Q: 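Here you go, one structure.
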Amino acid sequence: MSAKLIDGKAIAAELRQSLKQQVTERTAAGKAAPGLAVVLVGDSAASAVYVRNKRKACAEIGIESFAYDLPDSTGQSELIALIDELNGRDDIDGILVQLPLPKHIDDDTVLDRIRADKDVDGFHPENIGKLLQRRPTLRPCTPWGSIDLLKSTGEDLTGMHAVIVGASSIVGRPMALELLLIGVTPTICHSRSGDLERYVREADIVIAAVGIPEFVKGSWIKPGAIIIDVGINRTDDGKLVGDVEFEAASQRAGWITPVPGGVGPMTVAKLMQNAITTADRPNQ
Ligand code: GUN
């Protein structure tokens, strides 16, 4: 078998096009363009690329982005003070703080400080709690975008078993909640799950989100399975690879996302969708 590609780049472009239309309609109706603050702390090259892509998407869609590029030496209290200021500003609807933050700053303390109704990443405990309670409001972008990619296959997903490799707060855990909403049965594997191969072999859907290059072996894949590869890892020779052995997995899977051009563009497009939602203050 040779897997069909799930073209995240094209699906994300289509979503951005419809979001652009929504923003055009908003502004034609006399409303202000949605405003998104994009905060980058430190000098990670990878984060700089992600943030550039997010700002580019804002420009394309008609969302006004406000750039806050802060040095690595920024203190936690300084960052909190900025969040407080942005929380109070009427021209800023959404706030994005790019992760990871420098080691001397506690991610949770900062993310918890962002007003829940400005939380375009969907990471705030209130938004995660609402997703858990089956009333999603602002949804974590990568899991939400991955659902769109699964649906794009046209397969009947109901009743399928999904194995999520990686239990992070920003991907693995919310991914399980998103899958439950569409009638899929999720299993979350983590570093202590033991015999990972045993789980993956059972999976109709594999969501790989561990951040380890080619960690999920192609030989583990159940014939016909759908593979969503969230990983983006740079190898020593500069190549980008996912968390799944792409070539070997493609021989067995029914569908697979490429890296790059799979999940990455969907994360950005879903962030844009959330940014438009924040302009209507969904939690108020
Ligand atoms: N770093 C890696 N992924 C993400 C994401 O989805 N949002 C933010 N803010 N930072 C990230």
Side-chain angles (χ1 to χ4, degrees), residues 8 12 15-16 36-58 63 65-70 72 74 76 79-80 82-83 86-87 92-103 105-116 118-125 127-128 131 136 138-149 164 166-175 177-178 207-213 228-234 240 242-243 257 259-260 262-275 277-278:
L15 176 54
R16 290 198 309 274
L36 176 64
V38 180
V39 181
L40 173 64
V41 187
D43 43 21
S44 152
S47 288
V49 171
Y50 297 139
V51 161
R52 196 183 321 133
N53 288 340
K54 291 170 183 180
R55 288 174 178 152
K56 214 172 103 190
C58 283
I63 294 170
S65 75
F66 298 81
Y68 295 88
D69 291 349
L70 309 176
D72 194 71
T74 304
Q76 180 165 307
L79 183 56
I80 292 284
L82 172 64
I83 304 284
L86 299 173
N87 278 340
I92 295 205
D93 300 298
I95 302 169
L96 166 98
V97 176
Q98 185 66 26
L99 300 177
L101 288 167
K103 284 195 176 53
I105 300 179
D106 179 58
D107 291 5
D108 287 340
T109 305
V110 171
L111 296 180
D112 286 1
R113 192 77 170 210
I114 297 172
R115 260 171 57 168
K118 293 194 174 191
D119 167 36
V120 282
D121 263 317
F123 294 162
H124 191 282
N127 289 317
I128 293 288
L131 177 62
L138 290 167
R139 311 162 79 147
C141 305
T142 300
W144 190 20
S146 298
I147 295 292
D148 280 25
L149 296 180
I164 302 162
S168 71
S169 298
I170 68 175
V171 184
R173 288 163 195 252
M175 188 74 229
L177 301 176
E178 287 285 355
I207 311 284
V210 268
I212 302 173
I228 305 292
D229 192 346
V230 178
I232 305 180
N233 312 287
R234 199 171 283 281
L240 285 181
D243 289 353
T257 57
V259 176
V263 175
M266 283 310 289
T267 297
V268 177
K270 285 300 191 184
L271 179 78
M272 298 297 111
Q273 189 167 349
N274 276 340
T277 304
T278 58

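Read the numbers this way: they start at 1 and go in the same order the structure lists the ligands and their atoms. All values below come from the heavy atoms of this structure, side chains included, with hydrogens, waters and symmetry mates left out. Everything numeric in this text was worked out from a predicted model, so none of it was measured. Quick note: residue numbers are just sequence positions, from 1.
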Q: Against heavy atoms of Leu96, which atoms of ligand 1 measure under 4.0 Å?
A: 9 (N)

Q: Considering non-hydrogen atoms only, spot the tightest contact between Ala275 and Val120 and give its length.
A: CA-CG1, 3.6 Å

Q: Quick one: do Asp69 and Arg55 make a salt bridge, cutoff under 4.0 Å?
A: yes

Q: Give me the atom names and distance for the closest heavy-atom approach of Thr109 to Ile80.
A: O-CD1, 3.9 Å

Q: How far apart are the closest heavy atoms of Ala269 and Arg16, and which atoms are they?
A: CB-CG, 4.0 Å

Q: Just to confirm my output: which protein heavy-atom neighbour is closest to atom 3 (N) of ligand 1, and how far is it?
A: Ile170 CD1, 4.0 Å

Q: Asp121: what forms a side chain to side chain donor-acceptor pair (under 3.5 Å) with it, not counting sequence neighbours?
A: none

Q: Please name the residue in the list Val171, Val210, Thr267 that meets the side chain to side chain contact (heavy atoms under 4.5 Å, CB included) test with Val230.
A: Val171

Q: Please check whether Val97 reaches ligand 1 - meaning an N/O of the residue sits under 3.5 Å from an N/O of the ligand, judged on distance alone.
A: yes

Q: Heavy-atom pairs closer than 4.0 Å: do any link ligand 1 to the side chain of Leu99, the backbone, both, or neither?
A: both

Q: Which heavy atom of the protein is the closest neighbour of atom 11 (C) of ligand 1, given with residue, atom name and distance?
A: Gln98 NE2, 3.4 Å

Q: Starting from atom 7 (N) of ligand 1, locate the nearest protein heavy atom and write down its residue, its atom name and how far away it is, to 0.1 Å.
A: Asp121 OD1, 3.0 Å

Q: Please classify the Tyr50 to ligand 1 contact at 4.0 Å (heavy-atom distances, strictly less than): side chain, backbone, both or neither.
A: neither

